Amino acid sequence: MSTLVVVGAQWGDEGKGKVVDALASQADVVARFAGGNNAGHTLVFSGQKVVTHLVPSGCAYPGTRCVLGAGMVIDPEVFRQEITALQKSGMLLQDELRVSLDAHVIFPFHRWLDGGREDQVGGTRIGTTRRGIGPAYEAKAARRGIRVRDLLHPERLRARLIANAAIVNAELERLGAEERLEVDAEVARATGWVVWMRPLICDAGELIDASIRAGQRVLIEGAQGALLDLDHGTYPYVTSSTTLAGGACSGLGIGPTAIDRVWGITKAYTTRVGAGPFPTRLDDAHGELLRQAGDEFGATTGRPRDCGWLDLPALRYAARRSGLTGLCVTKLDILAKMPEIAICRSYADGVVPGRDELDLARPVLEGLPGWGDPALASQIAQARRLEDLPAPARAYLDIISEAIEVPIALVSVGPGRDQTVFIDEAF
Ligand code: IMP
């Protein structure tokens with residue numbers, strides 16, 4: 001068993017960074033297959049907090065190769081800042097990082113379009129991260145996107161920029177934006193990027209395939225979560241890429257036969273940022289308590305996240321769409337800080353995710369006994385083996401596992417790397 005895919009099973013922010021970081025010590029390669037700097041992973045080790053947006057969480061281990069796959073969209077300015085910050089804190093060596101020739105590049109004009117559309121009066125406000133993710137993927141689908149490989153050939157790059165300029169500038173004008181795509185300025189900007197990026201650029205599909213063939217342990221990290229998937233999420237309130245495990249194949253350039261297991265990550269409760277349906281959202285004091293206890297503010301945008309109880313129908317849907325073989329449950333210690341807890345096992349009127357729109361879903365909530373004891377949170381935070389977890393916590397994990405028919409593989413009981421209960425083997 002050498003290839004493990006780890007994906008979010010909710011609306012993102014499930015704690016993938018922490019889990020991948022905890023597993024990366026066993027991996028030779030950590031690769032990301034989709035998304036861009038809309039993601040944000042908060043890693044905590046030796047008391048130091050580091051947020052990464054593009055570089056996979058495996059960066060914190062010397063000797064672990066980090067790969068950014070073809071399915072990603074890369075903002076070179078953010079990439080550069082992140083590399084500098086990681087190198088400064090001693091977490092990343094130049095030779096450990098690679099980026100695919102085929103990843104698409106986010107230029108400033110993608111960000112201007114993203115922000116302009118979000119601010120547009122009368123438009124559909126998605127609540128995007130305004131990082132240019134949607135416009136870059138849109139250009140890719142329209143076959144006028146600019147790939148990392150284009151940066152290496154200034155004349156080809158110029159032609160691609162010219163192909164974008166009229167369309168982009170017409171929209172910027174319509175949106176009332178002041179900025180314009182100026183081809184010469186962008187070619188000059190990209191020339192500066194190539195100086196430091198060139199040694200990192202490679203055929204990432206070939207690299208991953210060779211690693212798998214050599215029997216190396218490859219950890220593949222998703223971004224966002226199943227319900228934000230472009231095809232299977234709460235469309236149109238989704239991100240513009242594939243967040244499901246299936247995207248690992250196209251986003252890296254490997255076949256499904258190369259994947260051995262798929263772990264999904266869920267918080268012990270649910271959160272969401274941005275617009276769109278969220279059946280178990282709590283607009284009351286409980287929601288506020290969860291937000292404060294769990295520090296539920298976006299790692300990328302700082303926006304407060306909406307919070308609610310765990311939604312088992314949505315989680316079951318995510319488990320099926322990604323073919324999960326194991327589930328990782330995070331922030332169980334935070335749930336234990338609540339004076340009482342509830343869980344959603346079904347929606348009223350037989351509403352089912354997938355078949356029915358989630359904005360029709362009214363959750364049937366069930367209170368669970370045994371919670372609300374202030375000692376529980378610290379007992380959970382100190383657990384290192386399944387047997388150490390107090391009875392209500394173990395019963396909770398059983399309810400989740402039975403409902404979605406996926407075994408629990410790992411439980412995270414705090415932000416620290418050591419605050420992890422390993423139940424199944426990753427590799
Ligand atoms: P975009 O990905 O910036 O286009 O935003 C589209 C939707 O996905 C918005 O609702 C964002 O809040 C959400 N989103 C994007 N990335 C993340 C993430 O890493 N965590 C949680 N939500 C995200």
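Since we're looking at a predicted model, the values are computed, not measured. All ligand and atom numbering here is 1-based and tracks the order in the structure. Sequential numbering from 1 along the given sequence is applied to the chain's residues.
- For the ring pair (Phe, Tyr, Trp, His ring centres under 6.0 Å) condition, the pairs that include at least one residue of residues 263-292, sequence neighbours left out, are W11-F278, H286-W309.
- The shortest heavy-atom distance from R131 to ligand 1 is not under 4.0 Å.
- Atom 18 (C) of ligand 1 has its nearest heavy-atom neighbour, among T243, I126, V73, N38, in N38.
- The shortest N/O to N/O separation between D13 and ligand 1 falls below 3.5 Å.
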Test side-chain contact (heavy atoms from CB on, under 4.5 Å) on D229 and T239 and set out the steps.
CA-CA 6 Å; D229 181 80; T239 191; over 6 Å; no
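- For CZ of R355, the number of neighbouring non-hydrogen atoms (other residues, nucleotides, ligands) closer than 6.0 Å is greater than 12.
- Put simply, part of G127 is less than 4.0 Å from ligand 1, judged by heavy atoms.
- Contact annotation: R303 has at least one heavy atom less than 4.0 Å from an atom of ligand 1.
- Residue T128 has no nitrogen or oxygen atom sitting less than 3.5 Å from a nitrogen or oxygen atom of ligand 1, judged on distance alone.
- Remark: ligand 1 and G40 share no N or O pair separated by less than 3.5 Å (distance only, no angle test).
- Every atom of ligand 1 is numbered from 1 in the order shown, and the set under 4.0 Å from a heavy atom of V273 is 10 (O), 12 (O), 21 (C), 22 (N).
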_The test is side-chain contact (heavy atoms from CB on, under 4.5 Å); show your working for I399 and L312 and say whether it passes._
CA-CA 9 Å; I399 290 172; L312 290 175; 4.0 Å; yes
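- Distances from ligand 1 to the non-hydrogen atoms of Y237 include no value under 4.0 Å.
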Before you tell me yes or no, could you show the steps for D13 and R305 under side-chain contact (heavy atoms from CB on, under 4.5 Å), namely the whole-Å CA-CA distance, both residues' side-chain angles and the distance that decides it to 0.1 Å?
CA-CA 9 Å; D13 307 320; R305 298 173 184 147; 3.2 Å; yes
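- For the atom pair Q81 CD and D75 CG, the distance stands at 8.0 Å (nearest 0.5 Å).
- Listed here is the closest heavy atom pair of L101 and R147: O-CB, 3.8 Å.
- The shortest heavy-atom distance from D114 to ligand 1 is not under 4.0 Å.
- Closest protein heavy atom to atom 13 (C) of ligand 1: L228 CD1, 3.8 Å.
- Of all the heavy atoms in Y237 and P277, the pair that sits closest is CD1-CD, 4.2 Å.
- At a heavy-atom cutoff of 4.0 Å, ligand 1 is contacted by both the backbone and the side chain of T129.
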